[in-house]
Amino acid sequence: MNDMTTFDVEKIRRDFPIFTREVHGKPLAFLDSGASAQKPQVVIDTMEKAYAETYANVHRGVHYLSQVSTELYEGAREIVCAHMNAANVEEIIFTKNATESINLVAQTYGAANLKPGDEIILSTLEHHSNIVPWQLIAERTGAVVKAVPIDEHGEFMLDTYLEMLGPKTKIVAITHISNAIGTITPVRQIIDAAHDAGAVVLIDGSQAAPHMKIDMQALDADFYVFTGHKVFGPTGIGVLYGKAELLDAMPPFLGGGDMIERVTFAKTTYAKGHAKFEAGTPPIVQAIGLGAAINYVNEIGFEKISAHEQTLLAYATEQLGQINSLRIIGQAKHKAAIISFTLDGIHPHDIGTIVDRGGVAIRVGHHCAQPLMDHFDVAATARASFALYNNRADVDALVSAVKSVQEIFG
Amino acid sequence: MFDDLRELYQEVILDHSKNPRNFRHPEDANHEAHGYNPLCGDTVNVYLKMGHNGLIEDAAFEGKGCAISLASASMMTEIIKGKTEAEAKKIFEGFQQLVKGEENDFDAGEDTERLMVLAGVKEFPMRVKCATLAWHAMTSAMDDKPDVSTE
């Protein structure tokens with residue numbers, strides 16, 4: 001238990017089998033966890049075991065394996081519930097990913113509650129997945145989508161937001177952390193002010209979940225979403241937290257098995273709680289894998305993870321800042337370990353290709369956040385995003401690779 | 001070290017990307033198309049002036065993109081000028097096979113060697129779309145299809 005009192009990044013790296021491999025003959029410097037994170041052995045093993053030893057469909061059979069599989073699946077829900085400090089396990093819905101979670105809320109809560117002229121407030125920081133679902137439902141209902149601006153540092157403009165809130169505001173959907181530039185938004189104040197205005201709030205926690213403890217009862221969010229694969233779990237599993245009273249009043253999302261109470265051709269009644277929103281055979285093993293991932297990060301502890309990542313962020317910001325003609329996009333006061341940057345006269349795609357040959361994996365492009373790119377008047381950026389397994393050597397590899405980009409471009 | 005990168009980012013390519021030729025919007029262009037790569041957000045507008053004799057009298061472009069896409073667009077405008085529509089399309093066909101690393105009998109006559117500098121792209125499959133974006137826009141312009149997307 002000794003290693004739980006200190007943060008030993010080299011030990012953590014050994015938990016992730018991917019780091020034993022090389023890329024283009026170089027040690028892998030994986031700085032693209034913002035897109036999708038690597039998986040610890042315990043997640044891989046847990047999933048393998050679930051397939052090899054306990055697999056059966058859930059909520060169906062009376063046979064032994066179905067019972068074990070159901071217990072593991074529902075056990076994963078309890079892990080997520082405790083992790084998010086939700087009041088009630090019925091408030092945790094498993095989806096395919098964060099995108100589906102947001103679409104679910106837009107298509108059910110939004111469809112049932114939005115009227116022509118009602119306002120949905122988003123921000124310039126949003127990922128396309130927290131923009132497009134709202135535009136789709138706005139088109140159907142006659143509601144209007146508005147975006148809170150950000151300032152030149154990439155900070156959410158709270159004062160403007162407070163002025164935008166009003167009796168027409170019905171839904172506020174804001175990211176907890178910007179995927180493209182790392183800004184941490186003042187979610188608590190955003191939520192409180194929205195509630196004062198009578199609106200419900202959805203927080204997109206896709207980038208927050210891997211970096212910080214998320215507490216539903218402390219935040220008082222009405223809906224909170226994140227995706228499993230960014231928090232070291234598998235793909236194909238996402239989470240939607242929703243307050244019980246809101247979920248109860250919402251119409252179902254997808255129709256099918258598991259979400260019903262009683263089906264007749266005359267009338268079908270729906271299941272209560274999370275079951276109403278989980279039609280069909282769910283991603284059973286993915287949920288079990290997510291549970292293992294959440295247990296893994298909690299054993300390390302977010303306090304230590306966050307301290308480690310902030311140290312890396314400061315080091316990387318300082319090191320990259322010394323490179324001529326490198327511009328860091330987004331310099332918010334409170335940032336997660338995500339650095340977007342550009343190099344004068346060199347397109348991010350060329351940066352990405354060249355650093356890749358040095359074993360450095362970064363994301364280049366618009367990061368599914370084109371309104372944000374427009375705000376900074378760039379078509380694309382290069383983005384290094386850090387996770388608990390990154391170390392100073394990764395930063396050094398990035399810096400040296402960026403310098404070789406400049407060498408090649410002369 | 002980085003041999004394939006040097007192969008990709010040859011001097012000629014860097015020169016074309018930093019000083020793209022025919023980077024303008026000719027007023028007398030009679031065909032144009034907009035190319036867009038939704039993956040990276042790169043855009044290119046290709047402008048052609050087709051003469052009555054069936055020859056491409058002028059070719060130009062404007063846009064934003066990486067070194068590969070700018071260099072490819074720049075070289076394309078130089079090469080297709082004075083060619084017929086059919087010749088230009090034939091060159092594109094061979095060029096596309098070349099950068100995809102497919103079997104090809106790429107022959108653009110005297111321009112073959114010039115375009116061969118882009119052959120390094122075949123080692124970087126993710127970048128093939130960068131190299132071909134302007135060419136797709138060029139054929140769309142000839143066919144009077146105003147927009148082309150590489151997805």
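Order of the sequence lines fixes the chain letters, A, B, ..., with proteins taken first and strands second; residue numbering starts at 1 for each chain. Computed from a predicted structure; not experimentally measured.
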* Are the side chain of A:Glu100 and the backbone N or O of A:Lys96 linked by a donor-acceptor pair below 3.5 Å? -> yes
* To do: Taking the side chain as every heavy atom from C-beta outward, state whether A:Asp394 and A:Asn391 have any pair of such atoms under 4.5 Å apart.
  => yes
* Evaluate the side-chain proximity of A:His153 to A:Lys335: yes if any heavy-atom separation is below 4.5 Å, no if none is. => no
* For the side chain of A:Thr185 and the backbone of A:His176, is there at least one donor-acceptor N/O pair under 3.5 Å apart? -> yes
* **Distance (rounded to the nearest 0.5 Å) between A:Arg327 CZ and A:Leu343 CG** => 12.0 Å
* Asked: What closest approach, in Å, do A:Pro234 and A:Ile237 show between heavy atoms, and which atom pair accounts for it?
  -> O-CG2, 3.5 Å
* Asked: What parts of residues 67-81 of chain B touch chain A if we use heavy atoms and a cut-off under 4.5 Å?
  -> B:Ala67, B:Ile68
* Structure fact -> Most contact-rich option vs chain A, by heavy-atom pairs under 4.5 angstrom, among B:Met126, B:Arg127, B:Glu11, is B:Arg127
* Structure fact -> Taken to the nearest 0.5 Å, the spacing of B:Leu48 CG from B:Phe61 CZ works out to 12.5 Å
* A:Ser178 side chain to A:Ala180 main-chain N or O, any donor-acceptor pair under 3.5 Å? -> yes
* Could you please state which residues from residues 350-367 of chain A sit under 4.5 angstrom from chain B, measuring non-hydrogen atom to non-hydrogen atom, sorted by number, or 'none'? => A:Asp350, A:Thr353, A:Ile354, A:Arg357, A:Gly358, A:His366
* **Nearest-0.5 Å distance that lies between atom OG1 in A:Thr124 and atom CE in A:Met157** => 9.5 Å
* Between B:Ile13, B:Leu8, B:Asp42, which residue shows the highest count of heavy-atom pairs closer than 4.5 Å to chain A? -> B:Asp42
* Asked: Does A:His127 offer a backbone N or O that forms a donor-acceptor pair with the side chain of A:Asn130 under 3.5 Å?
  -> no
* Asked: Is there a donor-acceptor pair under 3.5 Å between the side chain of B:Lys100 and the backbone N or O of B:Leu98?
  -> no
* Structure fact -> In this structure, CD of B:Glu93 is separated from NZ of B:Lys90 (nearest 0.5 Å) by 7.0 Å
* **Distance (rounded to the nearest 0.5 Å) between A:Ser385 OG and A:Phe30 CZ** => 7.5 Å
* Asked: Hey, does the side chain of A:Gln406 reach the backbone of A:Ile323 with a donor-acceptor pair shorter than 3.5 angstrom?
  -> no
* Pull out the residues in residues 373-384 of chain A that come under 4.5 Å of chain B, heavy atom to heavy atom, sorted by number. => A:Ala379, A:Ala380
* To do: Sort by residue number and list every member of residues 14-31 of chain B having a non-hydrogen atom under 4.5 Å from chain A.
  => B:Leu14, B:Lys18
* Would you call B:Glu85 and B:Lys89 a salt bridge, using N to O less than 4.0 angstrom? -> yes
* Does A:Lys230 reach the main-chain N or O of A:Ala208 with its side chain, forming a donor-acceptor pair under 3.5 Å? -> no
* Examine distances only and state if a side-chain atom of A:His24 and a backbone atom of A:Lys26 form a donor-acceptor pair shorter than 3.5 Å. => no
